[in-house]
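Comments concern the structure below.
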Amino acid sequence: MGIQIPASYRPTDSEPFMNERQREYFRRKLLNWKEDILRESRVTIHNLQLETTPHADLADRARTEAERQLELRTRDRQRKLIAKIDSALRRLEDGSYGFCEETGEPISLKRLDARPIATLSIEAQERHERRERVYRDD
């Protein structure tokens with residue numbers, strides 16, 4: 001599968017950027033995140049299937065429907081997140097993972113550890129958000 005790295009391993013700036021150990025670390029992190037999301041989705045689907053009894057009380061019915069809608073919106077966001085995780089895994093395979101899509105410079109390891117699906121460096125992300133704010137205000 002991949003190389004062996006200890007469970008305590010964390011990428012550091014003292015090693016070559018996106019070396020084999022770092023790539024394996026992020027691959028595992030992304031796969032574990034994806035599996036957690038899929039597990040939560042299976043639980044949600046199971047719970048939604050169990051709760052098919054209509055409520056006689058209008059307030060209970062409204063509460064149940066609101067909870068169901070919230071859960072479905074959450075699942076939709078997570079479906080989009082899985083697509084981003086899959087994209088990050090593809091970038092790991094093709095060697096572009098960890099490099100800013102805008103500048104081509106390495107994304108900091110701290111940022112990747114906090115947000116492993118990041119495609120922009122912090123500086124590029126901040127520029128992007130400033131441009132969004134300017135256009136949104138127009």
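The first residue in the sequence is number 1, and the count goes up from there. Everything quoted here is computed from the prediction, not taken from an experiment.
Using a 4.0 Å cut-off between charged side-chain N and carboxylate O, Asp76 and Arg73 make no salt bridge. A salt bridge links Arg39 to Asp36: at least one charged side-chain nitrogen sits closer than 4.0 Å to a carboxylate oxygen. A salt bridge links Glu24 with Arg28: the distance from a Lys NZ or Arg NE/NH1/NH2 to an Asp or Glu carboxylate oxygen falls below 4.0 Å. Taking 4.0 Å as the cut-off between side-chain N and carboxylate O, Arg131 and Glu102 count as a salt-bridged pair. Salt bridge absent: Glu93 and Arg27 never bring a charged side-chain N and a carboxylate O closer than 4.0 Å.
Taking CH2 from Trp33 and CG from Leu89, the interatomic distance works out to 11.0 Å, rounded to the nearest 0.5 Å.
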Is there a salt bridge (Lys or Arg N to Asp or Glu O under 4.0 Å) between Arg63 and Glu67 once you walk through the steps? CA-CA 6 Å; Arg63 180 188 49 78; Glu67 289 172 356; 3.2 Å; yes

Show, in sequence, the C-alpha distance, side-chain angles and deciding distance for Glu35 and Arg42, and conclude whether the salt bridge (Lys or Arg N to Asp or Glu O under 4.0 Å) test is met. CA-CA 11 Å; Glu35 183 52 41; Arg42 287 189 293 271; 2.9 Å; yes

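Contact of the Tyr9 side chain with the Gln22 side chain is registered, since non-hydrogen atoms from C-beta on lie closer than 4.5 Å. Within the 4.5 Å cutoff, the side chain of Thr119 has heavy atoms near those of the Arg91 side chain. In this structure, the side chains of Glu105 and Ser121 stay at 4.5 Å or more apart for every pair of heavy atoms. By the 4.5 Å heavy-atom criterion applied to side chains, Tyr25 and Leu30 are not counted as neighbours. Side-chain contact between Thr103 and Glu123: absent, with no pair of heavy atoms (C-beta onward) separated by less than 4.5 Å.
A 6.0 Å sphere centred on CZ of Arg23 holds more than 12 heavy atoms belonging to other residues, nucleotides or ligands.
The hydrophobic clustering, which links ILVMFWY residues whose side-chain heavy atoms are closer than 4.5 Å, places Leu120 and Met18 apart.
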